[in-house]
Amino acid sequence: MSLKLRDSKHIWHPLTQHQIHPHALGISSASGVYLKDDQGNRYIDGISSWYTAVYGHCNPKITNPVAMQMQTLDQVVFAGFTHEPAVALSEALIPILPYNQNRLFFSDNGSTAVDVALKMAIQYHHNQGVKKNVFVALDNGFHGDTFGAMSVSGLSVYNGAFEDFFIDVKRIPVPNSENLSEVLKSFEELLQEGDIAGFIYEPLVQGAAAMHIYPADGICALLKLCKQYNVLKIADEVMTGFGKTGTPFASDQITIKPDIICLSKALTAGLMPMAITTCSEQIFEAFLSDKNAKGLFHGHTYTANPLACCAALAAIELFQTTEIQQGIQLINRAHLAFEAKIKTHPKVDKTRVLGVIFALDLETQMDRYGSVRDQLFQFFMDNGVFLRPLGNTIYILPPYVITVEELEKIYKTIEEALGIL
Ligand SMILES: *Cc1c(COP(=O)(O)O)cnc(C)c1O
């Protein structure tokens, strides 16, 4: 029996309406920028498998050290114990993070990184005898699928069944040059209420909101206000981290630095699931006490798994090589050239580029997971390119090791797709 049919007997897939999409495509291997299905067809991974495998799939520079680590220490409790991969990772990561970050708290995925950040923020105030338990978040933000992360997410079309259980979140529009003074005013009014624990934002680009890119100035002004009102600034860099926006972190392009940063996705180069919530020493110190209860009593079984830490360490080393940094610049230049060419196409409404991210909005309005979107997706796959359009937005976020020829192939396929619409 084919993989597809065996799959459909027992497996429940994420973000999938099984009645409409009963079959998943069997993928048998991946190498570099290519995915290969069980029929032998190859696809360029144009979105780095949800922004994770940015150094290419099965990169021996990542897999070899992890294979070695596997022989030495596979897993150990991280409460009361520590190990070389975690410590070495901390020593490699802290120097490349925004200057005020000094502590790492490990968890398993982007959503848990966000939940940890929210708990840190609430308890930071609680430990000082202050009750602040409301968050402010941006319209159309996406922060994950656990209850806390879902609550702060503003893309709630699919969360209807759970809304009664959300934590208290106030929402403001993404600031831009036109609305800034208005947004600042309503933000300050919220902060004046005195119960805001933290402000969470995806710096510079909201990924799930169809790669919505916004300028640094506006968000910087909001962050300045957070400082003034002792509201913690939480940057969700789960998507933007590790070079996506052209700098190591999107926060590098914003003058006011976050108190807390959420990292996952490219952190482990697509090899192992892991996340880190980083924070400034000031946050950490608020949890120090001779009372146990003031500590952060949050811990997952696989916290700081040695194999995942080893993958992350190898990834950071690769990230800092000139080869990878040149790859990021090459992609950016190619995207800009493609943008200049495609933006006047009659089927194209808007285009944008930031770092390795390219996005274009089609003239037609369509459902986020509707049929035209499915038709586009299939067209790309039939032509050997894996892209996942979001509604009427087609975007690319390729692995940093992609070649000019492979990028051209993606661009050409997108141009041809515009022709079938
Ligand atoms: C993907 C993503 C998350 C959630 O991460 P998971 O690993 O899927 O739980 C959170 N925030 C942002 C910005 C993301 O892109």
Side-chain angles (χ1 to χ4, degrees), residues 12-16 45 47-54 105-121 135-156 158-159 162 166-167 169 171 174 198-214 219 233-245 248-251 253-254 258 260-278 298 300 302-305 308 311-312 315 354-357 359 368 388 390 393 395-397:
W12 193 339
H13 285 269
L15 309 174
T16 301
D45 186 351
I47 61 163
S48 308
S49 286
W50 271 339
Y51 337 133
T52 58
V54 293
F105 191 96
F106 293 86
S107 65
D108 302 337
N109 56 67
S111 307
T112 56
V114 168
D115 274 15
V116 167
L118 302 178
K119 287 172 80 171
M120 268 182 189
F135 286 90
V136 181
L138 296 177
D139 284 344
N140 299 323
F142 177 74
H143 301 287
D145 288 339
T146 53
F147 269 90
M150 188 169 55
S151 302
V152 284
S153 294
L155 282 171
S156 57
Y158 300 96
N159 294 343
F162 315 113
F166 284 1
I167 54 175
V169 176
R171 226 162 271 292
V174 176
F199 167 56
I200 185 163
Y201 58 103
E202 292 161 273
L204 301 187
V205 44
Q206 297 181 296
M211 297 296 162
H212 177 227
I213 294 167
Y214 66 93
I219 193 80
K233 312 174 256 27
I234 305 170
D236 180 350
E237 295 236 20
V238 169
M239 193 283 284
T240 49
F242 303 99
K244 283 12 176 305
T245 63
F249 301 93
S251 295
Q253 300 178 45
I254 304 168
I260 298 174
I261 303 179
C262 304
L263 301 171
S264 189
K265 295 206 164 119
L267 170 68
T268 50
L271 196 70
M272 308 281 298
M274 189 172 75
I276 299 181
T277 307
T278 77
H298 183 113
H300 298 284
Y302 278 95
T303 297
N305 171 263
L354 180 68
V356 301
I357 303 165
R368 190 171 172 85
R388 282 180 59 95
L390 281 168
T393 303
Y395 72 91
I396 318 171
L397 199 162

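We count ligands from 1, going down the list as the structure has it; atoms in each ligand are counted the same way.
Side-chain contact of D45 with S49: a donor-acceptor pair under 3.5 Å is present, judged by distance alone.
The side chain to side chain contact (heavy atoms under 4.5 Å, CB included) test with L204 singles out one residue from I213, I254, T240, and that residue is I254.
Side-chain N or O atoms of S111 include none that pairs as donor or acceptor with a backbone N or O of G144 at under 3.5 Å. In this structure, the side chain of T303 does not engage the main chain of S107 through any donor-acceptor pair within 3.5 Å.
The aromatic rings of Y201 and F199 sit parallel, their planes meeting at an angle under 30°, below the 60° perpendicular limit.
Listed by chain and number, residues touching ligand 1 at under 4.0 Å (heavy atoms only) are N109, G110, S111, F142, H143, G144, E202, D236, V238, M239, K265.
At a threshold of 4.5 Å between non-hydrogen side-chain atoms, the residues L397 and K244 count as touching.
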